[in-house]
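Just so you know, ligand 1 is whichever comes first in the structure, and atom 1 is the first atom listed for that ligand. If you read the sequence from its start, that first residue is 1, and numbering goes on from there. None of these values were measured; they are calculated from a predicted model. Atoms considered below: every heavy atom in the structure, side chains included; atoms not considered: hydrogens, waters and symmetry mates.
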Amino acid sequence: MTTLAELPLRESLRGQEPYGAPQKHLPVELNVNENTHGIPADAVADIAASLAAVVPHLNRYPDREFTELRTSLAAYLGHGTTPEGIWAANGSNEVLQQILQAFGGPGRTLLSFTPTYSMYPILASGTQTAWHPVPRPAGFRLTADGVDAAIRAAAPDLVFLCSPNNPTGTPLDLEVVEAAYAATDGVVVVDEAYSEFQGADAPTALDLLPGRPRLLVSRTMSKAFAFAGVRLGYLAADPAVIDALRLVRLPYHLSALTQTAAVAALRHTDEMLANVDRIRAQRDRIVRELPALGFSPCESAANFVMFQGVEDTRRVFEELVARGIIIRDNGIPHSMRVTAGTEAETTAFLNALGELGERGIR
Ligand SMILES: *Cc1c(COP(=O)(O)O)cnc(C)c1O
C-alpha cells in the first residue's frame, strides 16, 4: 500500500480533488439532477430486445462512426441539424473533454462564468488547459455587455456557457451567446444539458449554428431523457468540428451496447420525455414553497433549484440524509441544490425541511 502523495503524479494534478457527488442509496435521491421517474415500460421492452439482438455480435468492434445513432440524434434535435454535424460520446462530460483535448491544452485557456458546472475546471486540469473563472453578477444572469467585456479582457481559447446554468438554474439569452461568439476567435460551447426543461419553444443555441463554425452545442440523454446510466452525451456543430474531435477520440469509443440502447430509446422519445412537464411543475412548486420555509430560491429553467439562506449546509445535508433524503451541498456558502423529483419525493423533501426548521435547524 502506498499513498497518492508518494506516486510520481503529474505536477498539475497534485492536491486536486476528484468529482465527488456522494453516491448514497437512499429512498429519495435528489442530488445529481437525474430524471427520477425512471424509464417507461414500452421503452424498456424495446431497449432490452434490441440489446439482446446485438449481444451475439459483440465479438466485433462497433460502428466507429455510429452512423445510425447520429442519424437518430439529428432527427431528435431538428433545428436543421444533420448527421454529419452530430457527434456523441460517453456522456457530455466526455464530449466536453474531447473538445478540450482538441482545442485546449497547454498554453490555452478556458473561460466560464461561475458558479457553474463543477466539472469544467476538472476537465480543464485533466487536459492541462488553464481555467479562467469570471464571477457572475448578482442574481447570476449573464448580460451581453458583461460577457463581451470579460471575454475581450481575457482573450481565452475556449468559452463554456451553461444554459440553463448548473447549479443556479439561470437561463441564458441567445443574444449573450451571440455576444460571446463575436468577442472571440476561439471556440464557444453552449452546454444545454437541461435544455428540455425549458419547454418546447424555448430558445436554443442550435438556431445560431448556421454561419458560426466555432459554435458548439452540447446536449445529453442523462437528464430529461432519463438515461443517465447509459452515458450518452452529444454535440451539434459544423462538420469540421466533428473532424477535429475525430483526432482525439479513442477508436470505437461508443460501445455497440451504448449505441443500440440510445437508438432504441430515441424511438420512444415522446414516452421518454413524458415526465418533463411533471418535473417542471415540481420545480416551480419548490420555488413557490421554499420562501415560506425561510429560504431564497433562485429562478430556475432546469430540473433543479438552488436555494440560499441555509445557515448550516452540512447540518441540513446530514439531517436530510438521516431522513432518507439526499440533496446537493455544492460548496457555495449558505446555498444548496435540490433536484425536482416526483411529486411524492418533492413532498418528502419539503416536509423534512419544514420539520427541521421547526427544530431550529436551517
Ligand atoms: C449533468 C450535466 C452534464 C451531463 O453529464 P453527462 O456526462 O452527459 O451525464 C453536462 N453538463 C452539465 C451542466 C450537467 O449538469
Side-chain angles (χ1 to χ4, degrees), residues 18-23 29-36 39 66 69 73 76-77 86-101 110 112-124 126 131 133 136 140 142 158-172 177 188-198 204-205 216-236 245 249 253-255 258-259 261-262 265-266 272 276 279 283 298 300-306 327-328 330-332 336-341:
Y19 175 83
Q23 273 200 304
E29 295 178 11
L30 303 175
N31 66 330
V32 286
N33 300 340
E34 294 150 330
N35 180 334
T36 66
I39 301 181
F66 44 99
L69 175 57
L73 287 168
Y76 167 63
L77 275 185
I86 299 287
W87 186 247
N90 298 283
S92 52
N93 278 295
E94 189 179 66
V95 174
L96 298 174
Q97 182 178 54
Q98 290 173 340
I99 293 168
L100 288 168
Q101 287 175 318
L110 164 64
S112 194
F113 297 91
T114 53
T116 192
Y117 187 36
S118 62
M119 278 306 297
Y120 299 159
I122 295 175
L123 293 168
W131 168 239
R136 287 172 176 261
F140 306 119
L142 299 179
L158 301 107
V159 177
F160 282 7
L161 298 170
C162 192
S163 170
N165 186 49
N166 182 6
T168 59
T170 320
L172 183 73
V177 179
V188 175
V189 178
V190 183
D191 180 348
E192 295 192 345
Y194 299 97
S195 176
E196 289 91 345
F197 296 108
Q198 294 195 276
T204 161
L216 287 55
V217 182
S218 79
R219 296 273 189 111
T220 180
M221 293 180 77
S222 294
K223 308 289 163 56
F225 230 88
F227 230 33
V230 170
R231 311 303 299 124
L232 201 288
Y234 54 103
L235 174 85
L245 300 180
R249 65 93 171 272
H253 68 289
L254 273 185
S255 85
T258 302
Q259 294 184 36
L266 285 159
M272 297 290 282
V276 164
I279 295 165
R283 168 197 74 201
C298 302
S300 174
N303 68 333
F304 55 82
V305 176
M306 182 167 114
I327 68 167
R328 192 74 186 272
N330 39 24
I332 301 172
M336 300 186 85
R337 190 194 71 193
V338 62
T339 306

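- Residue contacts with ligand 1: Asn33 is excluded, as none of its non-hydrogen atoms falls under 4.0 Å.
- Of the possible donor and acceptor atoms, one in the side chain of Arg337 sits under 3.5 Å from a partner among the backbone N and O of Asn31.
- Relative orientation of the Tyr120 and Tyr117 rings is perpendicular, given thresholds of 30° and 60° on the angle between their planes.
- Close approach to Cys162 involves these atoms of ligand 1, each under 4.0 Å from a residue heavy atom: 13 (C).
- Under a 4.0 angstrom heavy-atom cut-off, Ala228 registers as lying outside contact with ligand 1.
- Here the protein heavy atom with the shortest distance to atom 10 (C) of ligand 1 is Ser92 OG, 3.2 Å.
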> Given the rule in the ring-ring contact (aromatic ring centres under 6.0 Å, His included) test, do Phe304 and Tyr194 qualify, once you have shown the distances and angles that lead to the verdict?
Replying inline: CA-CA 10 Å; Phe304 55 82; Tyr194 299 97; 4.9 Å; yes
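- Here the protein heavy atom with the shortest distance to atom 3 (C) of ligand 1 is Lys223 NZ, 3.3 Å.
- Here's the thing with Asn90: none of its N/O atoms is less than 3.5 angstrom from an N/O atom of ligand 1.
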>> Would Leu254 and Arg249 count as a side-chain contact (heavy atoms from CB on, under 4.5 Å) here? Give the steps.
In response: CA-CA 10 Å; Leu254 273 185; Arg249 65 93 171 272; over 6 Å; no
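- Nearest-residue assignment for atom 5 (O) of ligand 1 (options Thr220, Asn166, Asn93; heavy-atom criterion): Asn93.
- Listed by number with element, the atoms of ligand 1 under 4.0 angstrom from any heavy atom of Gly91 are 6 (P), 7 (O), 8 (O).
- Exactly one residue among Glu94, Met221, Gln259 makes a side-chain contact (heavy atoms from CB on, under 4.5 Å) with Leu232. That residue is Met221.
- In this structure, the side chains of Leu266 and Leu69 come closer than 4.5 Å at one or more pairs of heavy atoms.
- For Phe225 and Tyr76, the distance between ring centers is under 6.0 angstrom.
- Side-chain contact check for Asn93 and Tyr19: no donor-acceptor pair (N or O, by modelled atom type) lies under 3.5 Å.
- With Asn165, Val230, Asn303, Asp191 as candidates, the residue nearest to atom 12 (C) of ligand 1 on a non-hydrogen basis is Asp191.
- The single protein non-hydrogen atom nearest to atom 15 (O) of ligand 1 is Tyr194 OH, 2.6 Å, given as residue, atom name and distance.
- At least one heavy atom of Arg231 lies less than 4.0 angstrom from ligand 1.
- Per-residue contacts place Ser222 under 4.0 angstrom from the following atoms of ligand 1 (heavy atoms of the residue considered): 6 (P), 8 (O), 9 (O).
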